[in-house]
Amino acid sequence: MTTHVVIETVPILPEPRGPLSRSVIEALQHDPPPGELPSVDADPYGEDLTLALHVCYELHYRGFRSVRPDWEWQPDLLRFRAELERVFLDAVKSDVDGGVDVAAVLDPLLVEQVPGDGVSHRLRDSGTVEQLREYFVHRSIYHLKEADPHAWVIPRLTGQAKASLVAVEFDEFGGGRAERVHAQLFADLLEAAGLRPGYLHYLDVVPAPAIALVNLMSMFGLHRGLRGALVGHFTAAEITTAPSSARMAQALRRLELPDACIRFYAEHIEADAVHEQVMRRDVLGDLLGREPGLATDVVLGVQATELLERRLADHLLSSWESGTTSLRQAL
Ligand SMILES: [Fe+2]
Ligand SMILES: [Fe+2]
């Protein structure tokens, strides 16, 4: 019988990476109300802003050990978070092409790059075990809360879009079986790769690019006004996951990693081929039929995902190219 690791449930606060993240992390260690939170004037993709925003969002998920739960709705902190979001969202919007043609942004995602220059191509063809383990650590920030950010959108949908998105989420959450929850499969993968499966255990060593992707999902999920972007993001992610999971499974087999590592990707090869269809036809199709004005946001969700995935890929590949670790500290 397979044993499954227990995911530690409540993380500890991370180390600050600059004035913004320091003031949030320090504030959370005191009872409300905090002192003045600083004005936000920082690189929208930088370490400091990205971590500060991530810490604010985490209060809506599991929170942090010894941080009071009522910080989640503390008005000064929410005001500060809104500032961080504004800087981040403005940057993302100005760095994507925009538009209203949803098919024009989704169709190219269906075409496989040959030979392909992405991270999964690189790992499949020439990656080392160390690089794979680093990749798992980057992705652990999301995969240990896999599909949670998307659940925020459920009350904002109706009809077929709602029914079908919930059907996809049902699979992500294990179809009623705890051991098949995708976050659990990823925890099992980490353990089998000799890594720690604790929730946000690696937050301090993961640099901004991987965290920014999770921030994007949280922002889209938590704002009803961005529901179109959340659905666009989710659809884009499902379309690209099946082929990249196939390459990851090949990488893991080539490097003879244990079956428990392969299971997570094997599950996504099959499931996401179906999820892709459901998201595009039943969720997106129905949503845009009801609310055609959301097309701009759907396109934003797709393009923002590509933009931040590309930034993460550039970071990983350039680090490995120069022979250095892609993490803030070597494992
Ligand atoms: Fe999944
Ligand atoms: Fe999926």
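Just so you know, ligand 1 is whichever comes first in the structure, and atom 1 is the first atom listed for that ligand.
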Is it true that [X] and [Y] have a side-chain N and a carboxylate O under 4.0 angstrom from each other?
| X | Y | answer |
| --- | --- | --- |
| Glu238 | Arg281 | no |
| Lys93 | Asp90 | no |
| Arg81 | Glu85 | yes |
| Arg139 | Glu146 | no |

Could you walk me through whether Trp73 and His60 satisfy the ring pair (Phe, Tyr, Trp, His ring centres under 6.0 Å) test, starting with their C-alpha distance in whole Å, then the side-chain angles of each, then the deciding distance to 0.1 Å, before giving a yes or no?
CA-CA 9 Å; Trp73 300 109; His60 297 288; 5.2 Å; yes
Quick check: does [X] have an N/O/S atom under 2.8 Å of the Fe ion (ligand 1)?
| X | result |
| --- | --- |
| Asp272 | no |
| His143 | no |
| Glu172 | yes |

Nearest to the Fe ion (ligand 1), which N, O or S atom of His182 do we find?
ND1
When you measure from the Fe ion (ligand 1) to each N, O or S atom of Glu146, which atom gives the shortest distance?
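Result: OE2.
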Can you check the angle at the Fe ion (ligand 2) formed by ND1 of His275 and OE1 of Glu238? Round it to the nearest 10°.
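Centred on the Fe ion (ligand 2), the ND1/OE1 angle is 90° (to 10°).
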